[in-house]
Amino acid sequence: MKVQDLIAEFLYQHKTLALPSIGRFELNDAVNVYEIKDGKFPEDAISFEQNNQAVAEEPFIQFLVERSGKMKALALSDLDSYIYNGLQLLNIGKPFTIKGVGSLTKSNGRLAFETGVPFLEKTETAGNLAAKDRTRQQEEIKELDFDSQIQKGSNRTLMIVLASVIAVALIGVAIYLALPKQKNEETATEETTEQTTPVSTDTTASNTVTANPVQDSITVQPVRTDTSFQLLLFAFRDSAKANRELAKQMSRRNNINMVQKDSIYRIVLTVNRPLADTAKVRDSLRLFYKLYSRVIQ
């Protein structure tokens with residue numbers, strides 16, 4: 001389950017919630033969200049206090065791990081991405097809506113909170129969520145399984161080379177078998193000519209026929225299929241966030257690594273495909289990740 005779907009449930013159960021870099025939400029102890037009949041929160045049911053230094057507390061982190069079925073590093077990475085996107089919305093003057101809690105708006109550096117509507121959808125168990133997450137990861141890996149495509153291309157190239165070699169061999173055998181027959185025919189022709197032509201003592205010259213063998217060859221140019229290139233997936237200024245994202249990506253595939261340059265941590269995907277496929281692979285990744293490369297301030 002997504003992080004944004006678990007935030008409200010934690011608040012309903014624990015009555016308090018601290019979101020990193022945003023602040024703390026408090027749910028009135030007298031409010032039982034699961035007994036609300038009209039689908040609306042009572043007046044002043046949820047209060048909010050801004051705190052830019054707020055951090056995720058351990059009970060909330062454990063709740064995310066248990067409900068999502070993910071490792072702690074991946075759960076925190078998802079939470080950081082969700083908060084980052086919300087802050088970006090606030091910075092451009094758009095509201096940041098937290099499902100089942102309410103919405104935040106920003107004005108002159110201050111955050112204003114407006115209570116939303118309850119979110120009462122039941123969450124699944126961690127076991128089912130973990131199984132679904134593994135299935136999703138397998139599907140994602142299958143979509144990005146460039147190595148299998150490269151293997152297929154290599155097999156086709158090998159078959160073409162083998163077919164060319166066999167064709168050259170057959171041509172050589174045919175030429176080899178045809179040469180003795182041609183020589184025998186030339187010899188027989190010469191003998192017939194000698195028998196039917198009168199012998200003259202004043203013959204001063206004779207014709208000599210020289211056969212120059214023609215050698216056919218087929219040159220097979222090797223096709224390079226081992227070209228590789230790298231695509232930038234994420235860029236961070238914070239090493240901790242970069243390591244969390246790296247751990248998340250490496251849990252799904254093994255052709256991910258991190259490169260540091262000019263105090264920026266770049267997470268790149270190494271693709272062993274011809275350079276002509278760069279645009280195709282980039283478009284596939286854009287649809288897969290549904291985000292653009294960015295530098296986190």
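Computed from a prediction, not measured in an experiment: that's the story for all the values here. Hydrogens, waters and symmetry mates play no part in the numbers below; they use all other heavy atoms, side chains included.
Here the side chain of Asp262 pairs no donor or acceptor atom with the backbone of Ile264 at under 3.5 angstrom. Listed for the Ser77 side chain is no donor-acceptor partner under 3.5 Å among the backbone atoms of Ala73.
Remark: Leu246 CG to Phe234 CZ distance equals 10.5 Å, nearest 0.5 Å. Between the CG atom in Leu162 and the OG1 atom in Thr157 there is a gap of 11.0 Å [rounded to 0.5 Å]. Here the CD1 atom belonging to Ile83 is positioned 10.0 Å from the CD atom belonging to Gln4, to the nearest 0.5 angstrom. To the nearest 0.5 Å, atom CD of residue Gln50 and atom CZ of residue Arg110 are 4.0 Å apart. Annotation: the span from Gln249 atom CD to Leu233 atom CG amounts to 6.5 Å, rounded to 0.5 Å. In this structure, the separation between CG on Leu11 and CD1 on Ile7 is 10.0 Å, given to the nearest 0.5 Å.
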Chi angles and distances behind the side-chain contact (heavy atoms from CB on, under 4.5 Å) call for Lys241, Glu245: CA-CA 6 Å; Lys241 293 183 179 180; Glu245 185 63 33; over 6 Å; no

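The nearest pair of heavy atoms linking Leu90 to Lys106 is O-CB, 3.9 Å. Closest approach of Leu104 and Phe48 over heavy atoms only: CD2-CE2, 3.9 Å.
In terms of the side chain to side chain donor-acceptor pair (under 3.5 Å) criterion, residue partners of Asp78 (sequence neighbours excluded) are, by chain and number, Lys70, Lys248. Listed by chain and number, the residues in a side-chain contact (heavy atoms from CB on, under 4.5 Å) with Asn257 are Gln230, Val259, Val268, Thr270 (sequence neighbours excluded). Residues meeting the side-chain contact (heavy atoms from CB on, under 4.5 Å) test with Lys99, sequence neighbours left out: Asp5, Phe119. Every residue was checked against the ring pair (Phe, Tyr, Trp, His ring centres under 6.0 Å) condition with Phe41, not counting sequence neighbours, and none meets it. Residues passing the ring pair (Phe, Tyr, Trp, His ring centres under 6.0 Å) test with Tyr265: none are found, sequence neighbours excluded.
Within a 6.0 Å sphere centred on CD of Gln53, heavy atoms belonging to other residues, nucleotides or ligands number 12 at most.
Side-chain contact between Leu111 and Phe113 is absent, with no heavy atoms from C-beta onward closer than 4.5 Å.
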Can you list, pair by pair, the side-chain donor-acceptor contacts under 3.5 Å of residues 13-34, counting residues two or more places apart and other chains?
unit_1	atom_1	unit_2	atom_2	d
Gln13	NE2	Glu9	OE2	3.3
His14	ND1	Phe10	O	3.3
Lys15	NZ	Val31	O	2.6
Thr16	OG1	Arg24	NH1	2.8
Thr16	OG1	Glu26	OE2	3.1
Arg24	NH2	Glu57	OE2	2.3
Asn28	OD1	Ala30	N	2.9
Asn32	OD1	Tyr34	N	3.1
Asn32	ND2	Glu35	OE2	3.3

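No continuous path of hydrophobic side-chain contacts links Leu89 to Val3 [ILVMFWY only; heavy atoms under 4.5 Å]. Side-chain heavy atoms closer than 4.5 Å link hydrophobic residues (I, L, V, M, F, W, Y) into clusters, and following such links, possibly through other members, connects Leu269 to Met250.
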